[in-house]
J.: 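Can you keep this structure in mind? I'll have questions shortly.
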Amino acid sequence: YDDRLTQALARAKRHTSHCALLFFDLDKFKPINDEYGHGVGDLILQAIASRLQNKIRDNDTVARLGGDEFVIIMENMTINDDAANLAEKIIGLLSTPFEIKHRTLHIGCSVGISVYPEDGEDILTLTRNADIAMYAAKSSGTNHYYFYNPELKS
């Protein structure tokens, strides 16, 4: 993830373009993992990875950071609506029920978005700001996304 984001930021800087970091975690994943076990949780994570890989552009990167946290590095953005559209697509993909071991399981996600260069010019700042935005989205309930803005820090 660090290498991919470093490369994306270098390309964006070189081409004077924008890229976005979408940081998201799963809503309602922990209760499912606790109730049905880590085996079912692992199957959900695999299903999520499959859904995401089939819906993002070839030049974008999706990575699982650990637990139920994921990032997508979106390159070659033209306007912030590109990132908003991707966030809505992710929310739609993950709010669609999962059929796992004869069970219909419902999760969702909260997405935080930071944009290069406006919200930071390095990995640490962009990741921190996307994380701040994700927690703001999570505080609004499930299946929301927020763009980072400095007012979220307070």
J.: A side-chain contact here means heavy atoms from C-beta on lying under 4.5 Å apart; do Glu121 and Leu9 qualify?
T.: no
J.: Taking Ser50 for its side chain and Gln46 for its backbone only, find out whether a donor-acceptor pair lies under 3.5 Å.
T.: no
J.: Between Ile72 and Val111, is there shared hydrophobic-cluster membership here, with clusters defined by ILVMFWY side-chain heavy atoms closer than 4.5 Å?
T.: yes
J.: So do the side chains of Lys101 and Tyr36 get within less than 4.5 Å of each other, counting heavy atoms only?
T.: no
J.: Should Tyr145 and Met77 be regarded as members of a common hydrophobic cluster, given that ILVMFWY residues are connected when their side-chain heavy atoms come within less than 4.5 Å of each other, either directly or indirectly?
T.: yes
J.: With a 4.5 Å cut-off on side-chain heavy-atom distances among I, L, V, M, F, W and Y, is there a chain of contacts connecting Ile132 to Ile113?
T.: no
J.: Rounded to the nearest 0.5 Å, what separates atom OG in Ser110 from atom NE2 in His144?
T.: 8.5 Å
J.: Say you draw a straight line from CG of Leu94 to CZ of Phe24; how long is it, rounded to the nearest 0.5 Å?
T.: 6.0 Å
J.: If Ile, Leu, Val, Met, Phe, Trp and Tyr residues are connected whenever their side-chain heavy atoms lie under 4.5 Å apart, and connections chain through other members, are Ile91 and Met74 in the same group?
T.: yes
J.: For the backbone of Gly67 and the side chain of Arg64, can you confirm whether one donor and one acceptor N or O come within less than 3.5 Å of each other?
T.: yes
J.: Do you know the tightest heavy-atom contact between Ile44 and Phe98?
T.: O-CE2, 4.4 Å
J.: Between atom CG of Leu86 and atom CG of Asp81, what is the distance when rounded to the nearest 0.5 Å?
T.: 12.5 Å
J.: Counting C-beta onward and ignoring hydrogens, is there a side-chain heavy-atom pair between Leu26 and Leu45 closer than 4.5 Å?
T.: yes
J.: Going by side chain to side chain donor-acceptor pair (under 3.5 Å), Lys30 matches just one of Asp34, Asn33, Asp27. Which one?
T.: Asp34
J.: Nearest 0.5 Å, what's the OG-CG distance between Ser114 and Leu126?
T.: 4.5 Å
J.: Check Leu22 against Ala87 and note the closest heavy-atom contact, atom names and distance.
T.: CD2-N, 3.9 Å
J.: Among Leu5, Leu21, Asp3, which residue satisfies the side chain to side chain contact (heavy atoms under 4.5 Å, CB included) criterion with Ile123?
T.: Leu5
J.: With the side chain counted from C-beta on, respond yes when Tyr146 and Ser140 share a heavy-atom pair under 4.5 Å apart, and no when they do not.
T.: yes
J.: Linking I/L/V/M/F/W/Y whenever their side-chain heavy atoms sit closer than 4.5 Å, directly or via other members, would Val115 and Phe23 fall into one cluster?
T.: no
J.: How far apart are the closest heavy atoms of Ile73 and Ala8, and which atoms are they?
T.: CG2-CB, 3.7 Å
J.: Rounded to the nearest 0.5 Å, how far does CZ of Phe29 lie from CG of Leu105?
T.: 10.5 Å
J.: Consider salt bridge (Lys or Arg N to Asp or Glu O under 4.0 Å). Of Arg4, Lys13, Arg11, which one does Glu75 pass it with?
T.: Arg11
J.: Which pair of heavy atoms, one from Leu152 and one from Ala136, lies closest together, and at what distance?
T.: CD2-CB, 3.7 Å
J.: Let me confirm one number: the CG-NE2 distance from Asp119 to His18, rounded to the nearest 0.5 Å.
T.: 9.5 Å
J.: Looking at side-chain heavy atoms only, is the closest gap between Ile32 and Arg103 below 4.5 Å?
T.: no
